[in-house]
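One structure is given below, encoded as structure tokens.
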Amino acid sequence: MDSKILHKFKAENFTEKVSSIIEKRISDELKLTNRKLNVALSGGTTPIPILEELKKASLDWERINFFLVDERCVPISDGQSNFGNIHKVFFSHINASCYAMVNEVTDVKEAASQYEQLIKTKLILSDTGVPKFDLILLGMGGDGHIASLFPQTIGLLEDDKLVFSNYVPQLNSERITFSYKLILNANHIFVIAKGEEKEVIMQEVYSKKVTEYPISRIAKEYPNLIWLIA
Ligand SMILES: O=C1O[C@H](COP(=O)(O)O)[C@@H](O)[C@H](O)[C@H]1O
């Protein structure tokens, strides 16, 4: 338990290296099955250049469903929309299926519940009844948050729902997010983090100096979590 696999890169080749690791993983997974793969992406700034690089890969994109692990409650056209930002640099350039968390639905709880239903219809369920993503690419904030599971938010305690709305007082806003239950059931999880501040968080998590970061629970309950850092 609490073991990790660490790939540390120089900042200048982080984008290419991480993109090629993701490409290889997706390519290997596609060879192992005839069904469509289900991949969930984080938002924020870190994945953007990586996805811009990944779009050049010659993968069988038609066999991939892409989901988002979290979303801000704004229209897709808003500069804050995780889906909108990824769509511009990645989804609009490839032939994959991609699913937004927030579209015409304005009720945040309803949008979360519809996304949970969508995931249940698209993914294979484990024996526990929880859908299994083939790959989740997790970002991490400078406060150790993952998806929209922020420190000291009520969502950290959500043990039932798979996708839900989480009020984040420090941002004074509602976010839609995957739960721990859904994230932890994934077949593969990569944490992608750039910057000294995030590397320090990773070290604190594994040295148990600080156990209260939202990422800590993933590190604790997901053995051999793969970290791609610079
Ligand atoms: O708000 C968010 O932040 C985290 C980290 O973003 P980054 O800009 O530091 O890469 C991200 O993983 C999450 O999906 C996003 O909504």
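Throughout, residue positions are numbered sequentially from 1 according to the sequence presented. Hydrogens, waters and symmetry mates are skipped; everything else that's a heavy atom, side chains included, is used. Each ligand, and each atom within it, is numbered from 1 in the order the structure gives.
Side-chain polar atoms of His93 and Glu52 form no donor-acceptor pair below 3.5 angstrom. Side-chain polar atoms of Asn166 and Thr153 form a donor-acceptor pair below 3.5 angstrom.
In this structure, the protein non-hydrogen atom closest to atom 10 (O) of ligand 1 is Thr46 OG1, 2.4 Å. From the protein, the heavy atom lying nearest to atom 11 (C) of ligand 1 is Gly43 O, 3.5 Å. Shortest contact from atom 15 (C) of ligand 1 to any protein heavy atom: Asp70 OD2, 3.5 Å. The protein heavy atom nearest to atom 4 (C) of ligand 1 is His145 NE2, 3.2 Å. Of the protein's non-hydrogen atoms, the one nearest atom 1 (O) of ligand 1 is Arg72 NH2, 2.9 Å.
The pair Glu199-Lys194 does not meet the salt-bridge criterion, since no charged nitrogen lies less than 4.0 angstrom from a carboxylate oxygen. Taking a cutoff of 4.0 Å between a charged side-chain nitrogen and a carboxylate oxygen, Lys36 and Asp134 do not qualify as a salt bridge.
For Glu158 (side chain) and Tyr180 (main-chain N/O), no donor-acceptor pair under 3.5 Å exists by modelled atom type.
Of all atoms in ligand 1, listed by their number and element, those nearer than 4.0 Å to a heavy atom of Gly44 are 6 (O), 8 (O), 15 (C). For ligand 1, the atoms closer than 4.0 angstrom to any heavy atom of Thr45 are 7 (P), 8 (O), 10 (O). Counting atoms of ligand 1 from 1 in the listed order, those under 4.0 Å from a heavy atom of Gly139 are 12 (O). Each of the following atoms of ligand 1 lies closer than 4.0 Å to a heavy atom of Lys198: 7 (P), 9 (O), 10 (O).
Under the 6.0 Å distance and 45° angle rule, Lys4 counts as a cation-pi partner of Tyr206.
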* Steps toward side-chain contact (heavy atoms from CB on, under 4.5 Å) verdict (Leu41, Phe66) -> CA-CA 7 Å; Leu41 306 176; Phe66 284 103; 3.9 Å; yes
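Note: Phe91 and Phe83 have tilted aromatic rings, judged against thresholds of 30 and 60 degrees for the angle between ring planes. Ring geometry, Phe178 versus Tyr115: the interplanar angle falls from 30° to 60°, so the pair is classed tilted.
The shortest separation from a heavy atom of Lys194 to ligand 1 is not under 4.0 Å, leaving the residue out of contact. Ligand 1 is never approached by Glu71 to a heavy-atom distance shorter than 4.0 Å.
For the pair Asn82 and ligand 1, the shortest N or O to N or O distance falls below 3.5 Å. Not a single N or O atom of Ala147, backbone or side chain, sits closer than 3.5 Å to an N or O atom of ligand 1.
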